Amino acid sequence: MTAPATPARNKEPDEEPGGTTGTTTDEATGTTTGEASGRTPGAGRPDAARKASAVDPFDHDDLPTPPGATVALLRSLLAPMRARVVMASVLLLLQQAAVQAGPLLVAYAIDSAVPALRDGRHGPLIAVAVGYLVCALTAGGLQYLFIGASARVNQDVLLDLRGRIFRHAQALSIDFHERYTSGRLISRSTTDVESLRELLNEGLQELIGVILAFVYISAMLLWLDLGLGAAALVSFIPLYGFVRMYQRRAASVYTARSSAIAAVIVKFAETMNGIRPVRAFRRETANDTEFGALNRHHERTNGDAILEMARYVVCSRVVANITVAAIVLWGAYRVASQTLALGVLAAAVLYLRRLYDPIDRLGMFLNSYQSAAASLEKIAGLLAQAPSVPEPAEPKELPAAASELPGREVVFDDVRFAYRTGGEVLPRFDLTLAAGSTVAVVGSTGAGKSTLAKLVARFYDPSSGRVLLDGVDLRDLPVPELRRGVIMVTQESFLFSGTVAENIAIGRPDATREDIEHAAKAIGAHDFITALPDGYDTDVRKRGGRISAGQRQLVAFARALLADPAVLILDEATSSLDIPGERAVQRAMSTVLRGRTAVVIAHRLSTVEIADRVLVMEHGHIVEDGTPADLIAGTGRFADLHRAWRDSLA
């Protein structure tokens with residue numbers, strides 16, 4: 001199955017590319033180093049690239065958020081529930097009306113019912129008692145209905161928001177996840193959503209209650225006595241100033257707190273995910289020091305938030321108490337001079353207490369609001385990120401296959417590529433991979449091998465130029481069709497929690513059990529799978545930890561074979577295996593690659609033996625291109641590498 005070597009040419013770049021390093025991606029935290037992200041300083045990396053990386057906003061959990069994105073997000077969450085929000089608001093409106101009728105009944109009792117009782121008439125006082133009881137029962141019933149209605153709205157909002165975060169995170173491109181760790185994504189969907197839950201469950205009811213109380217009580221005070229009502233309203237001028245001051249000061253504090261807790265989660269997840277190297281290299285003390293610093297920073301930001309809240313509560317209580325004392329003193333003099341009824345003064349004092357008592361609750365709302373506003377801004381920033389590998393506006397279809405074999409031609413047409421964080425990896429790169437050929441790509445770390453593979457898989461789009469599949473630009477192919485046609489098997493061969501059969505069927509979810517077993521038999525995995533406790537129904541547990549690395553690799557190959565792609569990319573698929581495991585996987589590879597276009601990224605030269613063609617890369621250039629036999633017989637880089645490999649075996 002030897003395909004003719006198609007010449008690869010490299011145009012001289014306008015400038016020398018920056019060096020990069022090999023790819024290592026932490027699946028749990030999204031922490032990526034090396035070639036995939038361009039964030040690890042390497043030899044030859046330009047100073048500009050290092051500076052760009054240093055100021056990358058992703059490193060500081062500071063995603064760019066378009067103006068108005070937070071408000072637009074909140075509106076979109078509440079829009080489907082507009083009718084239920086209105087119903088809940090009406091219930092709270094009626095509940096507040098029932099609550100605020102109490103002081104009026106007290107005033108009537110003092111000024112009318114008590115004098116009537118002295119005259120032997122019990123009716124007015126009984127009417128007041130019955131009225132107060134009815135108002136209390138009505139307020140309680142309406143409160144119950146409001147809590148139920150608002151709880152359903154709140155839970156639906158949170159359900160929608162968590163779903164949006166999860167779906168959007170999956171839709172974002174690989175470059176986003178390599179710059180924005182999954183620990184931060186976890187913080188967005190847990191801690192930040194929880195902040196919004198607290199606001200929806202408690203804060204909004206407090207806010208609406210305070211607003212309605214202010215409107216009702218202000219109207220009642222002005223109706224009872226214009227002077228008392230005006231004095232009460234004047235006292236709200238300094239209170240409003242304290243509220244505005246608190247909002248300004250707390251906004252920055254809660255934004256910092258949201259980033260601080262995200263940093264704690266990232267560090268925790270990263271450490272637990274890398275617990276083996278942590279223990280092997282005795283990183284416990286260093287990690288404890290780093291985590292302690294992050295934890296103390298989170299403690300300080302929490303303390304700052306509490307102090308801001310304390311300042312607001314103390315100032316507002318001082319203003320409220322001074323106002324109540326002044327009005328009681330003034331009202332008492334007016335009662336003594338018979339220009340104010342005693343019942344009116346009593347009702348005014350009760351209303352004032354009801355007006356100022358919610359000040360603390362308003363502070364709690366502002367506390368929840370600032371926390372939720374900072375969290376919602378973080379979430380809005382995440383949801384505002386657009387995939388760098390979007391669906392095509394005008395999708396095209398692949399032409400009919402030229403033969404019965406599944407392989408298709410891959411062409412790099414005048415491609416240049418640089419990662420966002422700096423460092424050009426492929427400078428003006430041209431290459432043609434014949435349909436059905438197996439091409440091995442070797443070279444030193446940072447040569448651009450994995451970048452080439454990721455462009456074929458369209459994990460990234462080229463900075464300029466095109467990558468073609470049978471003449472069709474990958475950017476013009478619908479993503480589902482592209483993912484069916486081009487599949488990558490990585491070094492780790494990630495398995496999800498679930499059964500062996502479910503992990504193989506990821507390649508084709510509609511596959512039958514017979515199809516799954518046929519794929520496993522074809523690559524030599526059937527025997528070890530049937531030897532498992534429950535055979536194909538054995539739960540592989542987290543990351544496939546129940547089976548060995550070689551067995552996980554075989555499951556990954558069965559998954560790829562079942563998917564039946566046109567192009568298969570193997571990114572160092574045998575580098576972590578022992579010799580028996582590598583041989584088993586190599587036998588499986590010969591089955592999986594048959595008739596397909598294959599790109600094999602290899603560090604072990606034993607893997608290269610199955611290739612029709614070998615490309616040797618250096619700094620984004622192809623420095624050697626030919627069949628394995630021709631290159632071994634020559635005097636170039638590959639011959640030296642092969643000779644050193646043979647000597648190491650001896």
Side-chain angles (χ1 to χ4, degrees), residues 1-2 404-407 436-440 484 486-541 543-612 628 649:
M1 188 180 66
T2 302
E404 294 182 358
L405 298 176
S437 64
T438 298
V439 180
R484 285 192 296 268
V486 181
I487 287 179
M488 177 182 285
V489 177
T490 62
Q491 173 183 347
E492 187 176 1
S493 298
F494 190 90
L495 300 186
F496 296 91
S497 299
T499 67
V500 175
E502 289 169 345
N503 272 279
I504 295 176
I506 289 173
R508 204 176 85 211
D510 60 345
T512 64
R513 176 57 68 92
E514 183 180 356
D515 294 332
I516 293 171
E517 293 184 5
H518 178 74
K521 290 175 182 176
I523 56 97
H526 180 73
D527 290 342
F528 95 78
I529 294 174
T530 54
L532 294 172
D534 298 312
Y536 283 85
D537 295 318
T538 301
D539 191 336
V540 297
R541 298 177 183 166
R543 290 186 160 197
R546 196 170 187 175
I547 58 180
S548 70
Q551 291 170 337
R552 290 197 297 271
Q553 204 72 38
L554 290 176
V555 170
F557 279 120
R559 176 194 297 169
L561 180 61
L562 186 64
D564 193 24
V567 179
L568 185 62
I569 304 165
L570 306 181
D571 191 359
E572 302 178 16
T574 63
S575 62
S576 63
L577 303 179
D578 56 16
I579 298 301
E582 182 183 13
R583 288 174 179 169
V585 169
Q586 284 179 336
R587 288 193 295 270
M589 286 169 62
S590 62
T591 300
V592 174
L593 301 183
R594 190 174 297 122
R596 309 179 200 284
T597 305
V599 178
V600 182
I601 310 298
H603 276 170
R604 290 187 179 182
L605 295 190
S606 55
T607 309
V608 176
E609 296 175 349
I610 65 173
D612 306 317
L649 294 180

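What you are looking at is a predicted structure, and each value in this text was computed from that prediction instead of being measured.
Between Val500 and the options Ile529, Thr530, Ile547, Asp534, a side-chain contact (heavy atoms from CB on, under 4.5 Å) holds for only Ile529.
Annotation for Ala525 and Leu554: closest pair CB-CB, 4.0 Å, computed over non-hydrogen atoms. Shortest non-hydrogen contact noted between Pro533 and Thr538 is N-OG1, 3.8 Å. Of all heavy-atom pairs spanning Ala611 and Ala440, the tightest one is CB-CB, 3.7 Å. Contact detail for Pro565 and Ala560: the closest heavy-atom pair is CD-O, 3.1 Å. Contact between Arg508 and Asp515 at its shortest, heavy atoms only, is NH2-OD2, 2.7 Å. Shortest non-hydrogen contact noted between Pro406 and Gly595 is CD-O, 3.4 Å.
Looking at heavy atoms from C-beta onward, Val608 lies out of side-chain contact with Val600 at the 4.5 angstrom threshold. Between Val555 and Val540 there is no side-chain heavy-atom pair separated by less than 4.5 Å. Contact annotation: the side chain of Ile504 never approaches that of Glu517 to less than 4.5 Å [non-hydrogen atoms, C-beta and beyond]. Proximity of Asp564 to Arg596: side-chain heavy atoms (C-beta onward) are separated by under 4.5 Å at one or more points. Looking only at side-chain heavy atoms (C-beta outward), His518 and Thr512 stay at 4.5 Å or farther from each other. The closest side-chain heavy-atom distance from Arg513 to Asp537 is below 4.5 Å.
Without hydrogens or angle criteria, Thr597 side chain to Gly436 main chain gives a donor-acceptor distance under 3.5 Å. Asp539 places no side-chain N or O within donor-acceptor distance of the main-chain N or O of Thr499, the cut-off being under 3.5 Å. A donor-acceptor pair under 3.5 Å is formed between the side chain of Asn503 and the backbone N or O of Phe496. Arg552 places no side-chain N or O within 3.5 Å of a backbone atom of Leu495 that could act as its donor or acceptor partner.
The distance from the CG atom of Leu532 to the CG atom of Asp527 is 11.0 Å, given to the nearest 0.5 Å. Going from atom CZ of Arg594 over to atom CD1 of Ile610 covers 11.0 Å, rounded to the nearest 0.5 Å. Atom CD1 in Ile487 sits 7.0 Å away from atom CG in Leu568 (nearest 0.5 Å).
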